[in-house]
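For reference, the structure is listed below as structure tokens.
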Amino acid sequence: MLTETAKPSRWATLATFLAIQAVLVGWWLAYYPGLFSRDSVLYLSHTMVGPWVSDHSVTYDALLWLSVRLTGDIGAVTLLQTTAMAATLAYLAAALKALGAPRLATTAVAVLLPFLPPVGAFSVALWKDVPFTLCAVAIAASCAGLAAARRVTAWRLAGLGALMLALGLFRANGFLIVGVAVVVLLVVVKGARVRLAVTGLVAAAVPLLLTNLVLPRVGIEAPSKTYVYHTAFGDIAVLYREHPELFGDRDRTLMTSVAPLSRWSEGGTCYTINPLIWRRDFSWQQADRHAGELLDLWRRLLTQRPLDVVDARLCRGSIAWNPVEDAWAVGGQTYHFSRRPSAETYVGPNKVPDYPQRWMFSLRPKSEHLHRVADSWLVTTAEPGYDWWLWRGATWAYLAYVAAGLAAWALRNRYVPAVVAVVAGQQLAVLANISAQDYRYMATPIFVGMLMLPLLVGSLVRGLLGRRRPAAEPAGSAGPPESAETPRSAEPAEPTERSDALPDSE
């Protein structure tokens, strides 16, 4: 059952961290230096060859660059990721237990999570999405602590702002997630709303200002226009494939200057933009040159056929809302990881600028035995039957919302929905603008939702027992003493305000 105010032992939290770390080190040894993709190779290529570009994450690119300079390899980054993952999961587990989740069950889930490939293999993937996800999960943990304390303190607000800022530094759409999360928090918290809003605004704005104003001044180029607007180009392809009558001769001439019309048609699958922009006959240079004209075409189509454009976005964003994949559509399957052994077999020769350190993107397991076991397990869980509950974040987002709602009801605590504020933010941001059905885009709800399972069950049990309690004993009768585990129907008293608590007048 739930325990409302008891704080988990620091030693228990440390033990949880060490247990998770031990498992994740096993994944690191099995897949050294890590799992990678075409994006992984690009992260390092422009830092070594130049010029630096901010199309992905300058912060993550810098981590890879620093690892190469200091260690001569990139394995230090994935090892650091395993430690950060262990700390984050232990932090969230401790925060949920402080909120009232069953201790033993929550600890058990936290320790078992790293055995699952969506957690274990993900922690050793060379993706900016790994630290991005860790920041989002840490935000959920910070909000769980806020809900347990039922107040917004200056220190907690500062930590929340730092995590939100880091979120935007690791992914360009971080500001959207921060915006939605802050709106949810403003609804559920009682005090410090002005300071909370200002914190969210600053955290969302700083990464945008850095990318557009500061970084270009120090020689780091802004993202290419095609990289920024590629989802709009995907919308054009979908409408061209489904409604070619909407396009005049001038439109076709414009599109042909970028790619053959056959490419626009073949790339018009609504689930992914990959068959459009990642083919040899699609010219990124020409797309950049004509980006303004293509955006004008997109705006016209949005005005003429708004429902078709929205439908294309809903289809492409189905990883955010649909618990099941579309196995029969092009690009409709959930993408997990690339398991190819080297950069050359993934991106092919001459596909990205060459540099001496390119060899580092090759699989070099520290333990062949661990690699065989881990890879077999990864392949097994990639079977379609596991997809909806292991790899689709939408499933866990919905369960997280149910868990938060039940816990708020059972604990009589209006702050509990704050825990899933970042989950809602990520779900809506991915739904609005994403490029493909990659599980990593919705990894946060998987981690948060799985760790909230004990809270969900405990809240349901507590709520039902609370509703079935017998009527109060007559005055003077001796009832059994109430223990920490005995459910109470009355709202627990608000904790005494501390000097660092922010005023409710805001």
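On a predicted model such as this, the values are computed, not experimentally measured, just so you know.
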*Dump the intermediate steps for side chain to side chain contact (heavy atoms under 4.5 Å, CB included) on L35 and F122, then the final yes or no.*
CA-CA 8 Å; L35 294 165; F122 181 66; over 6 Å; no

*Test log, rule side chain to side chain contact (heavy atoms under 4.5 Å, CB included), inputs V416 and W409*: CA-CA 9 Å; V416 177; W409 166 64; over 6 Å; no

*Are L64 and T47 close enough, and set up right, to give a side chain to side chain contact (heavy atoms under 4.5 Å, CB included), and what steps lead you there?*
CA-CA 9 Å; L64 283 172; T47 65; over 6 Å; no

*How far apart are the C-alpha atoms of V130 and T78, what are their side-chain angles, what is the distance that settles it, and do they pass the side chain to side chain contact (heavy atoms under 4.5 Å, CB included) test?*
CA-CA 9 Å; V130 178; T78 45; over 6 Å; no

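Heavy-atom neighbours of Y386 OH from other residues, nucleotides or ligands within 6.0 Å: at or below the threshold of 12. By the neighbour-count criterion of 12 heavy atoms within 6.0 Å, atom CH2 of W278 is densely surrounded, having more than that number from other residues, nucleotides or ligands.
There is no side-chain donor-acceptor pair under 3.5 Å between Q81 and S123. A donor-acceptor contact under 3.5 angstrom links the side chains of K97 and T107, judged on distance only. With hydrogens and angles left out, the side-chain atoms of W28 and T82 include no donor and acceptor closer than 3.5 Å. Between T272 and Q437, the side chains place no donor N or O within less than 3.5 Å of an acceptor N or O (distance only, hydrogens not considered). Checked by atom type, the side-chain pair Y441/D129 shows no donor-acceptor distance below 3.5 Å.
Shown here for A101 and T106, the closest heavy-atom pair between the two residues is CB-OG1, 3.4 Å. Considering all non-hydrogen atoms of both residues, L42 and S45 come closest at O-OG, 3.1 Å. Nearest approach of L24 to G120, heavy atoms of both residues: CD2-CA, 3.8 Å. Closest of all the heavy-atom pairs between N274 and R279 is O-NH1, 3.4 Å. Residues S459 and A407 come closest through the heavy atom pair OG-CA, 3.2 Å. The heavy-atom pair separating A203 from G161 by the smallest distance is CB-O, 3.8 Å.
Listed for the S40 side chain is a donor-acceptor partner under 3.5 Å among the backbone atoms of L126. Between the side chain of R313 and the backbone N or O of A432 there is at least one donor-acceptor pair closer than 3.5 Å. Here the side chain of H56 pairs no donor or acceptor atom with the backbone of Y43 at under 3.5 angstrom. Using modelled atom types, one side-chain atom of E325 and one backbone atom of T334 make a donor-acceptor pair closer than 3.5 Å. A distance-only check finds a donor-acceptor pair linking the side chain of R193 to the backbone of K190 [under 3.5 Å]. S142 contributes no side-chain N or O that, together with a main-chain N or O of I139, makes up a donor-acceptor pair within less than 3.5 Å. Listed for the Q427 side chain is a donor-acceptor partner under 3.5 Å among the backbone atoms of A320. Under the 3.5 Å distance criterion, the side-chain polar atoms of T211 are left unmatched by any main-chain donor or acceptor of L208. Here the side chain of R414 pairs a donor or acceptor atom with the backbone of V188 at under 3.5 angstrom. Under the 3.5 Å distance criterion, the side-chain polar atoms of Y398 are matched with a main-chain donor or acceptor of W321.
Within the 4.5 Å cutoff, no side-chain heavy atoms of V214 are placed close to those of L209. W396 places none of its side-chain heavy atoms less than 4.5 Å from the side chain of M442. Within the 4.5 Å cutoff, no side-chain heavy atoms of L294 are placed close to those of Y229. In this structure, N433 and N173 have side chains that are not in contact, with every pair of non-hydrogen atoms separated by 4.5 Å or more. Contact of the V119 side chain with the W27 side chain is not registered, since no non-hydrogen atoms from C-beta on lie closer than 4.5 Å. Taking 4.5 Å as the limit, some side-chain heavy atom of I177 sits within range of a side-chain heavy atom of L167. Contact annotation: the side chain of L297 approaches that of L301 to within less than 4.5 Å [non-hydrogen atoms, C-beta and beyond]. At a threshold of 4.5 Å between non-hydrogen side-chain atoms, the residues L160 and C143 count as touching.
Each of T444, L176, V180 was compared with Q426 under the side-chain contact (heavy atoms from CB on, under 4.5 Å) criterion, and only T444 meets it.
Between F282 and W284, the ring planes are perpendicular. Angles over 60° get that label, and only those under 30° would be called parallel.
A salt bridge does not link D61 with K128: every distance from a Lys NZ or Arg NE/NH1/NH2 to an Asp or Glu carboxylate oxygen is 4.0 Å or more.
To the nearest 0.5 Å, the span separating CG on L112 from CG on L116 amounts to 7.5 Å. With rounding to the nearest 0.5 angstrom, the CG atom of L96 is 10.5 Å from the OH atom of Y91. The CZ atom of R151 sits 8.0 Å away from atom CZ of R156, with the distance rounded to the nearest 0.5 Å. To the nearest 0.5 Å, atoms CZ (R300) and CD1 (I236) are separated by 9.5 Å. For the atom pair SG of C270 and CZ of R241, the computed distance is 8.5 Å after rounding to the nearest 0.5 Å. A distance of 7.5 Å separates CG of L89 from CG of L134, quoted to the nearest 0.5 Å.
Side-chain rings of W127 and F337 approach one another, their centers coming within less than 6.0 Å. Annotation: Y335 is not in aromatic contact with Y439 [ring centroid separation under 6.0 Å not met].
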